[in-house]
Amino acid sequence: MEIFMYVEPELKNWMDCGSKTAKKYTWNELGLDGKIIDVVMHGGSDLLVVLTEKGSVYGMGQKGKLGIGENSSSIQHSFIKLNLENIISITNTKEAIIAINNRGQVFGTGNNLYGVLGRWKGEDRGSSNSRYRTAINWVECPELEI
């Protein structure tokens with residue numbers, strides 16, 4: 001199986017395929033475990049996150065926004081598997097990414113300045129700024145669960 005990806009100029013370095021070109025890539029060449037079923041981008045195209053049919057989430061772009069424990073503006077130029085399993089849906093806000101697994105648990109990463117992720121599991125309610133801290137890892141967000 002192959003896919004075509006149209007790569008905008010700002011993404012050309014991520015995929016190393018040149019400016020405004022379409023090129024065939026297999027899922028394996030992209031480093032993915034299966035077909036992409038959902039895609040989110042945010043932050044002015046500095047982050048691309050995809051969900052595969054196997055419930056895996058992969059990302060590329062600014063490392064500080066991938067939920068990999070880094071608070072860095074350096075760029076991850078190829079897809080890496082993110083620390084999430086059995087995901088059925090992904091979405092994004094202006095500064096955060098949210099994922100839901102097959103048990104209904106909600107996970108998030110990114111800027112929580114306005115409390116969009118709520119207070120995540122394991123966060124001490126007594127600590128200052130406990131509701132508005134930014135998550136640099138994927139955190140469970142029970143306040144977002146239905």
Side-chain angles (χ1 to χ4, degrees), residues 3 5-21 23 25 27-146:
I3 62 167
M5 289 191 73
Y6 177 77
V7 181
E8 295 290 340
E10 63 268 17
L11 301 179
K12 70 180 180 180
N13 293 329
W14 292 0
M15 300 304 294
D16 295 324
C17 67
S19 177
K20 292 197 179 214
T21 61
K23 182 179 176 182
Y25 292 92
W27 306 121
N28 192 41
E29 286 174 326
L30 290 173
L32 308 177
D33 65 2
K35 179 180 169 185
I36 296 171
I37 61 171
D38 204 357
V39 176
V40 296
M41 291 182 73
H42 78 77
S45 301
D46 64 356
L47 187 69
L48 174 65
V49 176
V50 299
L51 172 63
T52 70
E53 63 191 347
K54 295 189 178 181
S56 301
V57 180
Y58 294 83
M60 66 168 66
Q62 191 176 38
K63 290 181 179 180
K65 296 182 179 182
L66 287 172
I68 59 174
E70 290 189 36
N71 191 9
S72 166
S73 61
S74 65
I75 302 296
Q76 170 67 39
H77 291 282
S78 58
F79 281 115
I80 57 170
K81 190 171 186 178
L82 303 179
N83 190 24
L84 296 165
E85 295 181 0
N86 302 314
I87 300 301
I88 59 170
S89 180
I90 57 174
T91 191
N92 63 303
T93 68
K94 183 177 178 186
E95 296 290 332
I97 303 171
I98 298 167
I100 302 170
N101 72 12
N102 61 2
R103 294 186 312 272
Q105 294 170 292
V106 178
F107 298 88
T109 189
N111 189 331
N112 196 28
L113 178 63
Y114 299 107
V116 69
L117 300 177
R119 192 178 288 116
W120 53 79
K121 198 170 191 175
E123 180 64 26
D124 178 12
R125 291 180 180 267
S127 67
S128 65
N129 205 22
S130 66
R131 182 175 295 275
Y132 305 104
R133 290 188 46 215
T134 293
I136 61 170
N137 293 303
W138 286 92
V139 295
E140 189 174 348
C141 304
E143 291 183 352
L144 300 183
E145 295 174 10
I146 296 175

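As the structure is a prediction and not an experimental result, all values here were calculated from the model. Hydrogens, waters and symmetry mates play no part in the numbers below; they use all other heavy atoms, side chains included.
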With rounding to the nearest 0.5 angstrom, report the [atom1] to [atom2] distance, [X] to [Y].
X    : Y    : atom1 : atom2 : result
L32  : L51  : CG    : CG    : 10.5 Å
L48  : K65  : CG    : NZ    : 13.0 Å
Q105 : I88  : CD    : CD1   : 11.0 Å
E95  : T109 : CD    : OG1   : 11.5 Å
K94  : L113 : NZ    : CG    : 10.5 Å

[X] (side chain) donor-acceptor with [Y] (main chain) under 3.5 angstrom:
X    : Y    : answer
N112 : V116 : yes
E53  : G34  : no
N71  : G64  : no

Review point. Near E85 CD, under 6.0 Å, is it more than 12 heavy atoms from other residues, nucleotides or ligands?
Key: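 Atom CD in E85 is not packed in, count stays at 12 or less.
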
Return the minimal non-hydrogen interatomic distance between [X] and [Y], and the atom names on each side.
X    : Y    : value
M60  : Q76  : CB-O, 3.5 Å
A99  : I90  : CB-CG2, 4.0 Å
I36  : D38  : CG2-O, 3.5 Å
L47  : L66  : CD1-CD2, 3.2 Å
L117 : G110 : CD1-O, 4.0 Å
Y58  : F79  : CB-CD2, 3.8 Å

Practice item. Kindly indicate, with the supporting measurements, whether the criterion side-chain contact (heavy atoms from CB on, under 4.5 Å) is fulfilled by V49 and N92. Key: CA-CA 10 Å; V49 176; N92 63 303; over 6 Å; no

Check your understanding: N83: what forms a side chain to side chain contact (heavy atoms under 4.5 Å, CB included) with it, not counting sequence neighbours?
Key -> none

**Study point:** Single hit among V139, I100, N101 for side-chain contact (heavy atoms from CB on, under 4.5 Å) with F107
**Key:** N101

Check your understanding: Less than 4.5 Å apart, any side-chain heavy atom of Q62 and any of I75?
Key -> yes

Review point. Is there side-chain contact between I68 and L82, with heavy atoms separated by less than 4.5 Å?
Key: yes

